[in-house]
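Accompanying notes for the structure given below.
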Amino acid sequence: QVQLVESGGGLVQAGGSLRLSCAASGSILRIYDMAWYRQAPGEQRELVAYITRDGTTNYADSVKGRFTISRDNAKNTYLQMNSLKPEDTAVYYCNAGITSPTLGFVNSWGKGTLVTVSS
């Protein structure tokens with residue numbers, strides 16, 4: 001069993017900051033790339049940022065310079081969001097490539113956490 005759980009969403013004013021967390025748990029051998037996606041109402045889910053095992057990061061142009069993705073040794077990933085804009089309003093999802101002793105490779109998704117940015 002593998003599970004990802006997001007937390008840290010909420011309501012903030014434009015220009016404010018939030019820090020999202022994603023905790024991985026269950027039968028895990030190794031976690032490879034970890035990523036944050038988001039989906040606004042009526043929109044497609046889009047990749048926000050990802051981080052590899054060696055720490056290489058990449059960001060969507062819309063968040064570059066404002067968001068920072070990171071990870072730790074406790075199988076967690078984080079998304080620091082600064083200078084938030086109303087356009088950032090969305091449900092944010094954690095995603096990770098994980099190997100399990102019984103399941104092999106699993107592309108895992110969390111259930112999402114809502115971020116609302118008011119103007």
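Just so you know, these numbers come straight off a predicted model, no measurement behind them. Residue numbers count from 1 along this sequence. Hydrogens, waters and symmetry mates are skipped; everything else that's a heavy atom, side chains included, is used.
Sorted by first then second residue, the ring-ring contact (aromatic ring centres under 6.0 Å, His included) pairs that include residues 44-98, not counting sequence neighbours, number zero. For the salt bridge (charged side-chain N to carboxylate O under 4.0 Å, His left out) condition, the pairs that include at least one residue of residues 42-54, sequence neighbours left out, are Arg38-Glu46. Listed by first and then second residue, the ring-ring contact (aromatic ring centres under 6.0 Å, His included) pairs that reach into residues 94-119 are Tyr37-Trp109, sequence neighbours excluded. Screening residues 6-29 for ring-ring contact (aromatic ring centres under 6.0 Å, His included), with sequence neighbours left out, gives no hits.
Interatomic distance, Thr56 OG1 to Ile69 CD1, rounded to the nearest 0.5 Å: 11.5 Å. The OG1 atom of Thr116 lies 6.0 Å from the CG atom of Leu11; values are rounded to the nearest 0.5 Å. Between atom CD1 of residue Ile28 and atom CG of residue Leu4 there is a gap of 7.0 Å, rounded to the nearest 0.5 Å. Taken to the nearest 0.5 Å, the OG1 atom of Thr77 stands 6.0 Å off from the CD1 atom of Ile51. Interatomic distance, Lys85 NZ to Ser118 OG, rounded to the nearest 0.5 Å: 15.5 Å. Rounding to the nearest 0.5 Å places SG of Cys94 at 14.0 Å from NZ of Lys111.
With no hydrogens or angles considered, a side-chain donor-acceptor pair links Asn82 and Ser17 at under 3.5 Å.
The existence of a salt bridge linking Lys64 and Asp61 is confirmed by a sub-4.0 Å separation between a basic side-chain nitrogen and an acidic carboxylate oxygen.
Within the 3.5 Å criterion, the main-chain N or O of Arg30 finds a donor-acceptor partner in the side chain of Thr99. Using a distance-only test at 3.5 Å, with no hydrogens or angles considered, no donor-acceptor pair links the side chain of Gln39 to the main chain of Val91. Remark: side-chain polar atoms of Ser100 are paired, donor with acceptor, to backbone N or O of Ser27 under 3.5 angstrom. At distances below 3.5 Å, not a single donor-acceptor pair connects side-chain atoms of Gln3 with backbone N or O atoms of Ser25.
The salt bridge (Lys or Arg N to Asp or Glu O under 4.0 Å) test applied to Asp72 returns no partner, not counting sequence neighbours. Under the salt bridge (Lys or Arg N to Asp or Glu O under 4.0 Å) criterion, Arg19 pairs with no residue at all, not counting sequence neighbours.
Of the residues listed (Val63, Thr89, Val117), the one engaging Leu84 in a side chain to side chain contact (heavy atoms under 4.5 Å, CB included) is Val117, and it is the only one.
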Which is it for Arg66 and Asp88 under the side-chain contact (heavy atoms from CB on, under 4.5 Å) test, yes or no, and what are the steps along the way? CA-CA 11 Å; Arg66 300 187 297 119; Asp88 296 319; 2.8 Å; yes

